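Everything on this sheet refers to the single structure shown next.
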Amino acid sequence: MRALKEGLKFHANAIKSGLTPNIFTANQLIHLYSKLGFVGEACKLFDEMPERNVYTWNAIINAHIKSQNFTAAQFFFDSAPCKDSVTYNSLISGYANSEGHENMALNLFVQMQYESESVKVDEFTLTTLLNLVAKLRVLCYGRQLHSYMVKTNNDSSRFAVTSLIDMYSKSGCYEDAWSVFNGSGGQGVTDVVVKNAILAACCRKGELELAQEIFSTQLELNDNVSWNTMISGYVQNGCEDESIELFKCMADEGFNWDVHTFATVLNACSTLKSLKLGKEIHAWVLKEGMLASPFIASGIVDVYCKCGNMGYAESVHKTFGTRNSFSITSMIVGYSTRGSMLEARRLFDSLAEKNIVVWTAMFSGYVKSQQYEDVFHLFREFQNKERTVADALIVVSLLSACATQASIDLGKQIHAHTLRMRIKTDEKTVGALVDMYSKCGNISYAESTFQRARAKDLVVYNVMIAGYAHHGYEYEAIKLFQEMKQTGLQPDAVTFVAILSACRHCGLVEEGEMYFSSMTEDYAITPETDHYACMLDLYGRSNQLEKAVAFFDKMPIEPDTIILGTFMNACKMNRNLELARMAENKLLEVEGDNGARYVQLANVYASEGKWDEMRRVMKRMRRKAAKKLTGRSWVHVGNDVHVFKSGDRSHSEAEAIYFTLECLIQELCDVLAFDNLI
DNA sequence: GTAGGGTTAG
């Protein structure tokens, strides 16, 4: 490399001293310098050239684009005394391929159309723009470009065909991609890039058999990319084992594994959560010397995280990727899944510049670990430190924390934030909003959010139906269930839990039985614990203990604590101590260390005045040293939540709190006394 | 001199 650099310098000096005053050679040299990364040298030569033409200007603009210096590229573009299509195409392509400059590319394209005669939109411009609109997913622009290409006869070269197939496929229009492919000769094409583009399109659509057929015809055409596309296609469609087979086959057929191959196969390992395979691939990666690639390093870290081996993940991370945000995100998720939030936080703090994905991983981690206070603290930190707006995924985490903490005020603020910032409300956001309002006790807000939303999937309906059921609007729940079916959505197991609980709350035995049998007969859903518990509760609340007993005996699953607890409750409501005693041993056998169960049992006996039996149960509980979790309440003051239990004096302001409470009690007594006087 | 296909984290 050094020899080449010296050679280039010698050549440049020769030109400058007039030995070969050839503008063509100098332009070539600028290009060569830029290709080797010597932008400084390219600039120096450009400055010293006695004469320049449009090629010289294009070469220097490209040199700056290559080094990602867009300020300089734009400066030279603006200063160029002469421009041609290449000048425009180069800068448009530079902007189109860099993050955050996409709008500049579009503006330049508009500007290009008002330029002089020497600047014409050509196939280079159009294919670059097709790539851009595929990246930005603006299908309407893509279609306009396609029409323009047909009109100007720019739609039939292999470059045009590839870009069109790719644009349509990435925009979700598989049929259009396919018709472009067919129009260009279909399976008779001899260009490997066109072939690979349609292979990728088939894989994206899940048409694996067709992809395999295309892959196998004209085998001699296939290159590394064809193999990588197929391997990736299998992973995308959940066929990880087949992808591994093809990966091995690729080497047998004499094709070299590259960074793309390994990145894809590592992805398969992560999905399979196979530590054994992960280690094998890790060994191959080491053998091929590919760990320097950030794609591969973070891929290996991700595999170990998904397999739950944080020790291995940590050691690869330490050696290769301490600044790799992908690697750090995988580690945060890995630690969060195990509930190690301190470790997750350590990694989060190790990243100087945090992107939205890392933030989201941290938010979800706290939600997963039920550390809701930390969710809110993190949000304040996010707002203070970042300029970017919390996106839909962060909003979902925040709303989920609000729902569990019943923080309706904060929930409303977050809702307002999504509206103000025009955050795209997809099904997940709508579901989280409806759930938050419903769990915070405001069913009418939940309802209006639901009704206004355009994006509604099964989960959104489930949340709303469950909300109605919990708030005692059983008939609305049933009505919405019917409406949901009419829209063509298929109810799932969660829908039936919601609808059965609506039935049990208002004692609709016949309807409940009808839904329960419809669930298995019409939708082939196997009932789970919650469904059985709902039915038992329904019978219990409707004073139909015989039916409850018959149902209990017929259940094909071993009764667990939830079912036994519900059954016990049914016995209590129907004042049947005999059956309660029967369930008692079984219940304590399954869940003998849960204090709440003993208390529930004791209550059954107490409600019938069987004090001896109640004492016996409580004694049994003490013998087992089982403790019932203390019920707690909380209040929101400002941005903080204060948790307390009955008679709690642990709060730092306890003195003042109890003093105020005394005052309030006194005032109430005074009011009551005053009322009595009147 | 400018353009096309296959790879990561929430």
Side-chain angles (χ1 to χ4, degrees), chain A residues 24 27-28 30-31 34-35 53-63 65 84-94 96-97 122-132 134 154 157-167 169-170 191-201 203-204 223-233 235-236 258-268 270 293-303 305-306 321 324-334 336 355-365 368 391-394 396-397:
Chain A
F24 173 79
N27 290 344
Q28 292 283 71
I30 295 182
H31 182 64
S34 134
K35 210 170 152 188
N53 61 13
V54 68
Y55 290 87
T56 325
W57 287 93
N58 290 347
I60 199 68
I61 291 168
N62 270 308
I65 290 168
D84 63 4
S85 301
V86 179
T87 327
Y88 270 91
N89 291 341
S90 302
L91 195 54
I92 290 176
S93 155
N97 293 316
D122 61 12
E123 207 186 65
F124 286 84
T125 330
L126 294 163
T127 46
T128 305
L129 283 164
L130 278 178
N131 270 341
L132 178 61
N154 270 317
S157 81
R158 57 188 212 279
F159 283 94
V161 168
T162 311
S163 304
L164 282 167
I165 292 174
D166 198 51
M167 182 276 293
S169 158
K170 285 180 180 159
D191 185 276
V192 66
V193 187
V194 173
K195 179 176 178 175
N196 293 341
I198 198 71
L199 274 181
C203 292
R204 267 181 216 116
D223 64 1
N224 259 29
V225 179
S226 323
W227 281 87
N228 290 342
T229 309
M230 282 310 296
I231 294 172
S232 164
V235 182
Q236 283 164 35
D258 60 15
V259 173
H260 291 269
T261 327
F262 279 112
T264 306
V265 176
L266 285 168
N267 192 3
S270 291
S293 155
F295 273 95
I296 303 300
S298 59
I300 292 180
V301 169
D302 189 55
V303 170
C305 290
K306 295 267 162 64
N324 184 324
S325 70
F326 288 86
S327 169
I328 290 179
T329 310
S330 296
M331 306 264 295
I332 290 174
V333 177
S336 304
N355 62 28
I356 198 108
V357 183
V358 183
W359 279 101
T360 314
M362 205 61 213
F363 277 111
S364 319
K368 239 184 287 175
D391 70 358
L393 281 167
I394 293 183
V396 168
S397 280

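Note on naming: letters A, B, ... go to the chains in the order of the sequence lines (proteins, then strands), and numbering restarts at 1 for each one. All values reported here derive from a predicted model rather than from experimental measurement.
- Listed nucleotides: dT7(B), dG10(B), dG4(B). Nearest to the side chain of F295(A): dT7(B).
- With sequence neighbours excluded, the residues satisfying ring pair (Phe, Tyr, Trp, His ring centres under 6.0 Å) with W227(A) are F215(A), F255(A).
- In this model, the phosphate group of dG4(B) is approached by a side-chain N or O of N131(A) to a distance below 4.0 Å at OP1 or OP2.
- For D166(A) and dG4(B), the CG to C1' distance is 8 Å, given to the nearest whole Å.
- For S364(A) and dG10(B), the shortest distance from a side-chain N or O to OP1 or OP2 is not below 4.0 Å.
- Side-chain N/O atoms of R204(A) include one lying less than 4.0 angstrom from OP1 or OP2 on dG6(B).
- If you check every strand for non-hydrogen atoms under 4.0 Å, V161(A) touches nothing.
- One atom, NE2 of H260(A), and another, P of dG6(B), lie 9 Å apart when rounded to the nearest Å.
- When each of dT8(B), dG6(B), dA9(B) is scored by its nearest atom to the side-chain atoms of K306(A), the top-ranked nucleotide is dA9(B).
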>> Under the criterion side-chain contact (heavy atoms from CB on, under 4.5 Å), I'd like the reasoning laid out for M331(A) against V301(A): C-alpha separation, chi angles, the key distance, then a yes or no.
In response: CA-CA 7 Å; M331(A) 306 264 295; V301(A) 169; 3.6 Å; yes
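- We find that CD1 of I300(A) is positioned 18 Å from P of dT7(B), with the value rounded to whole Å.
- Between N267(A) and dT8(B) there is a side-chain N or O to OP1 or OP2 distance below 4.0 Å.
- Between K170(A) and dG6(B), a side-chain N or O to OP1/OP2 separation shorter than 4.0 Å is present.
- Donor-acceptor pairing under 3.5 Å is recorded for the side chains of D223(A) and S226(A).
- Rounded to an integer number of Å, the gap from CD of Q236(A) to P of dT7(B) is 6 Å.
- What separates CG of L164(A) from C1' of dG4(B) is a distance of 10 Å, to the nearest Å.
- Across dT7(B), dG4(B), dT2(B), the shortest atom-to-atom separation from the side chain of D191(A) is found for dG4(B).
- Residues passing the side-chain contact (heavy atoms from CB on, under 4.5 Å) test with S169(A), sequence neighbours excluded: A177(A), A201(A), R204(A).
- Evaluation of F159(A) against the base of dG4(B) yields no stacking contact (centre distance < 5.5 Å, interplanar angle < 30° required).
- The CG-C1' distance, from L91(A) to dA3(B), rounds to 15 Å in whole Å.
- Residue S93(A) places at least one side-chain N or O under 4.0 Å from the OP1 or OP2 atom of dA3(B).
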